[in-house]
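For reference, the structure is listed below as structure tokens.
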Number of protein chains: 2
Amino acid sequence: MANSASGDSVVDRIVRVIEAFPEGVTSLQLSELADRAGLPLSSAHRLVRQLSEHGLLDVGAGGTVRLGLRLWELVNRNSPTLALRQAAMPFMEDIQQVLNQNVNLAVLDGWEALFVERLSRRGSVANRARIAGRMPVHISSAGLALMSHQPRELQAEYLEQFADPSGKVTADVVRQFLAEAAQQGYAQLAGVVDPDTWGIAVPVMNAKRRTVAALGVVVPLAEMRLQALVPALQTAARGIGRQLGD
Amino acid sequence: MANSASGDSVVDRIVRVIEAFPEGVTSLQLSELADRAGLPLSSAHRLVRQLSEHGLLDVGAGGTVRLGLRLWELVNRNSPTLALRQAAMPFMEDIQQVLNQNVNLAVLDGWEALFVERLSRRGSVANRARIAGRMPVHISSAGLALMSHQPRELQAEYLEQFADPSGKVTADVVRQFLAEAAQQGYAQLAGVVDPDTWGIAVPVMNAKRRTVAALGVVVPLAEMRLQALVPALQTAARGIGRQLGD
DNA sequence: ACACGTTCTACCATTGAATGGAAGCTTGTG
DNA sequence: CACAAGCTTCCATTCAATGGTAGAACGTGT
């Protein structure tokens, strides 16, 4: 028993604490947190207290631990996607108003689309894309739009390692999807994510024509108005791109 | 020179690193970061590398440090205000559509309103409230709406320590504002935050009738339709409150 | 009212992870 | 090509971090 018997640094432990919260869960009992983070209770207790003193965590009555409001504030104030979101928001609002549909904005992280912003419409179709949620590239229109406009090497690397756990999709099918999306300038998936919905997404390119995000909508399957949707999305995407730097 | 010459823990240092980013700044040079965080360069370097290995920070070419996408994701997935924001979003969208104005949602943190969500309208009046931005209680309608519905003791404590750095407002004026807001059920400020805008906010109460948030709009000064705005906001606030637990 | 289980909090001797100065490296500039 | 500025690596020193243990604070069933 000494400075970290398990051989991990303080940083490792702090990360484990923050990562211990399952998706969508905002509060955890101390003992459960210790368990999930793989820390001795007394160590977890000390760490949580220290973090909460700085507002990175909040400890409620009875040892209920939440992420701190201050952490949320710091991260969102200086978020790496701040510029992108600020540039995109007005255009997303336009799309939402004009097309009257769910709109979302995603970036590529690893082999997944990470949704950084989303506007939903009351009463409109279900939209699986939660803010800060992820979807694999091959089953999301946003993911396909992003990947289809990445450099060849990255696409090759992606397809190389591709494996669908459910076994429904092969690398060749994905290759086909990507080729289509690249050629058409947009990606679409009907009834894949949700049987009754249809997703369309277009790439958002920065000044150097690097694809940095995907702008997409989710509409009811019945309402297939590609002719109206795609140009609107592409126009918005160009508008966003124009506001982006590097 | 040993384990922390300056007598601060690793946790302290990590917090200082994250806090080192000034509001709205998304990237910092390593040396500048070390400087702002008050750390020796080599220590900052080690810490940044460790954090970036876990994705809490991203280090770009040439030592450019940003907050990590993974950190943003974790914090937003498990944000303490997740439930509030989810409950509020549809109502905020309704307000935005029907009233055609900027809408925002704030919580009380310390003696400030912390804005947790915001929908802006293209071309509509300037809205100072940034997401994750703060405004002092006494110069924001959201702040007044929040504070005016807090328990007596908290209000007393607030007024006790109140001091306006600009010296324009006295504690008595604020007391008056709070009393009005409490009595009317909404707070309003015309031309205070911005000379041409007008802010109105109402409290959002949870099931136990504790005020947990403020729902507000920012409209052009000219467009003073209190009769239309307040009932709409109050209706929405009740709708949000009904969806909230504790 | 009492005993038991569960969960949080506090203590403190031990020790290896964290520290930071110095030296090396890389990049940009006149 | 020399110089500056900033990033990266190294490593002996040492105290901050560790976690088993004990105890306090609840909650619950008998």
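Below, chains carry the letters A, B, ... as their sequence lines are ordered, and counting in each starts from 1.
Residues A:Leu33 and A:Gln29 have side chains not in contact (no heavy-atom distance under 4.5 Å, counting atoms from C-beta outward).
Residue B:Arg49 is classed as having no contact, given no heavy-atom separation below 4.0 Å to the nucleic acid. Using a 4.0 Å heavy-atom distance criterion, A:Ser31 is classed as a sugar-phosphate-only contact. A:Leu39 comes within 4.0 angstrom of nothing in the nucleic acid, heavy atoms only.
Counting to the nearest Å, the P atom of D:dC7 and the CG atom of B:Asp35 are 11 Å from each other.
Close to C:dG21, at under 4.0 Å from its OP1 or OP2, lies no side-chain N or O of B:Ser42. Taking only side-chain nitrogens and oxygens, B:Arg13 never comes nearer than 4.0 Å to OP1 or OP2 of D:dA16. Distances shorter than 4.0 Å separate none of the side-chain N or O atoms of A:Gln29 from OP1 or OP2 on C:dT7.
Applying the salt bridge (charged side-chain N to carboxylate O under 4.0 Å, His left out) test to residues at least two apart or on different chains, the pairs with a partner in residues 103-113 of chain A are A:Asp109-A:Arg134, A:Glu112-A:Arg134.
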Subject >> Sequence-aligned protein contact record of nucleotides 25-30 of chain C, with B where the base is within under 4.0 Å of a protein heavy atom and S where only the sugar-phosphate is >> reply: ------

Using a 3.5 Å cut-off and no angle test, enumerate the donor-acceptor pairs between side-chain atoms of residues 139-149 of chain B and protein atoms at least two apart in sequence or in another chain.
| from | atom 1 | to | atom 2 | distance (Å) |
| --- | --- | --- | --- | --- |
| B:Ser140 | OG | B:Pro136 | O | 3.1 |
| B:Ser140 | OG | B:Gly143 | N | 3.0 |
| B:Ser148 | OG | B:Leu144 | O | 2.8 |
| B:Ser148 | OG | B:Ala145 | O | 3.1 |
| B:His149 | ND1 | B:Ala145 | O | 3.2 |

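With hydrogens and angles left out, the side-chain atoms of A:Asp12 and A:Ser9 include a donor and acceptor closer than 3.5 Å.
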